[in-house]
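None of these values were measured; they are calculated from a predicted model. Counting starts at 1 for both ligands and their atoms, following the listed order.
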Amino acid sequence: MTATLTILGLESSCDDTAAAVVRVTSGSAQILSSVVEGQTNLHAAFGGVVPEIAARAHAEKLDLCVKEALLRAKARLEEVDAVAVTAGPGLIGGVISGVMCAKGLAASHDLPLIGVNHLAGHALTPRLTSGLAYPYLMLLVSGGHCQFLLVEDAVNFTRLGGTIDDAPGEAFDKAARLLGLPQPGGPSIERTAMEGSPERFFLPRPLLDRVGCDLSFSGLKTAVLRQRDKIIEEKSGLSRQDRADLCAGFQAAVSDVLAEKTRNALNAGYHMAGQNLPLCVAGGVASNATIRARLEIVAKETGVEFHAPPLALCTDNAAMIAYAGAELFMAGHKDDMALSARPRWPLDRQSPALLGSGKKGAKA
Ligand code: KG4
Ligand code: ZN
């Protein structure tokens, strides 16, 4: 095993084209560069991510992002030890673009290729940012995913529970659309909620009375729709304050559900691992300040450490893919030109198949 590993990472599973260079030296990681090219403007007119447009944009931008990431890292491709790429789950056209680009780079420079599960990238982020030791509890909350994971190493993940319908990011995006706010919905709702009162509209807290740590968010979005229509019927339109109050009420409901289910998950994790587990959160929704603060309180009350990545590493990025690739590489894992793109790729190999599809394609 090399003492110092330099990994180039590629990410293109949804609507961010990203490349990054991460260096791992005796277990400690350093992000040498992280380039993220978002596609928000390309999808703005459609109210959501259009898979075909996303795939085309990834294919156009990937090599430029790689070039920029190497330039910022002051590294040449020849100095890289391996190429890591998101091989799923996600929108298949985008994932294929990334895998093909990585294969080209690996083949032309005779470099090892490592296919990384996008969810593992998010789940291993606390190790990249703070060198957190295994095991820990991860709440992964993004646009396409929502699950509590007991993380034991780079390949062993046990799903303790998760959403039975929408992911919270998906709910934020849908609620924003209902209120005429721009996409992505999470940041729009968070911004709008700052001027609102969470008490004016009390929205449901689905599954809160149920034991365990499964969650549900689709009813919440329907409740926003009903409240919106009621206001429009009464006042023939939504005022700025109505919107802000609805956003604050929605954000409070999501926070309450996540906080309560996290208590249950910490308890389940304790029984499974036989020890108190540090609580970590990752994924786009983890950049929400209200949610972070609520989870921090839960961790404090339970007496466990709390880890939330810096905002730029909550949403999709390639540094997390490069880091996860480094861990896999150090564990002796390698792929070859047969690496395929997977729309669905559950982290927990025992987890049952989920039906339906979300923002990032088939649900994992
Ligand atoms: O992890 P991510 O970049 O992509 C996926 O893997 O899905 O997460 C994107 C999701 C979007 O649904 C977006 O609305 C949500 O994360 N998000 C937020 C915030 N920032 C992004 N949700 C709530 N509050 C935020 N500040
Ligand atoms: Zn993600």
If you measure from each heavy atom of Gln251 to ligand 1, is any distance below 4.0 Å?
no

Assign the ring pair Tyr136 / Tyr134 to parallel, tilted or perpendicular, where the plane angle (0 to 90°) is split at 30° and 60°.
parallel

Once you restrict to heavy atoms under 4.0 Å, what part of Asp173 touches ligand 1? Side chain, backbone, both or neither.
side chain

In ligand 1, the atoms that come under 4.0 Å of a heavy atom of Thr315 are 3 (O)

Does any N/O atom on Phe172 come nearer than 3.5 Å to any N/O atom on ligand 1?
no

Contact flag His118/the Zn ion (ligand 2), N/O/S atoms, threshold under 2.8 Å:
yes

Closest Asp316 atom to the Zn ion (ligand 2) [N, O or S only]
OD1

Using ring centroids (six-membered ring only for Trp), state whether Phe250 and Phe172 fall under 6.0 Å.
yes

Using a 4.0 Å cut-off to any heavy atom of Gly169, which atoms of ligand 1 qualify?
12 (O)

The Zn ion (ligand 2) - name of the N/O/S atom of His122 that sits closest to it:
NE2

Where ligand 1 meets Gly185 - atom numbers and elements under 4.0 angstrom, heavy-atom basis
14 (O)

Going by side chain to side chain donor-acceptor pair (under 3.5 Å), name the pairs with one or both residues in residues 188-199, residues two or more places apart or in two chains.
Glu195-Arg240

Return yes if some donor-acceptor pair links the side-chain N/O of Asp173 with the main-chain N/O of Gly185 below 3.5 Å, else return no.
yes

Within 45° cone of Phe202 ring axis and under 6.0 Å: Arg200 NZ or CZ
no

Are any of the N/O atoms in Ser287 less than 3.5 Å from those in ligand 1?
yes

Any atom of ligand 1 sitting under 4.0 Å from a heavy atom of His145?
no

May I ask you to decide whether Arg228 forms a salt bridge with Asp242, counting only side-chain N to carboxylate O separations under 4.0 Å?
no

Could you list the donor-acceptor pairs under 3.5 angstrom formed between side-chain atoms of residues 276-301 and any protein atom two or more places apart in sequence or on another chain?
unit_1, atom_1, unit_2, atom_2, d
Ser287, OG, Gly284, O, 2.4
Asn288, OD1, Thr290, N, 3.0
Asn288, OD1, Ile291, N, 3.0
Asn288, ND2, Gln251, OE1, 2.9
Thr290, OG1, Gln251, NE2, 3.1
Arg292, NH1, Ala286, O, 2.9
Arg292, NH1, Pro309, O, 3.1
Arg292, NH2, Pro309, O, 2.9
Arg294, NH1, Asp256, OD1, 2.6
Arg294, NH2, Asp256, OD1, 3.3
Glu301, OE1, Arg263, NH1, 2.8
Glu301, OE1, Arg263, NH2, 3.3

Proximity to ligand 1 by part of His118, non-hydrogen separation under 4.0 Å:
side chain

Taking a cutoff of less than 4.0 Å between a non-hydrogen atom of the residue and any ligand atom, is Cys14 in contact with ligand 1?
no

Within 2.8 Å of the Zn ion (ligand 2), is there any N, O or S atom belonging to Cys14?
no

If you measure every N/O of Gly143 against every N/O of ligand 1, is any gap under 3.5 Å?
yes

Identify whether the distance between the nearest side-chain nitrogen and carboxylate oxygen of Glu68 and Arg72 falls below 4.0 Å.
yes

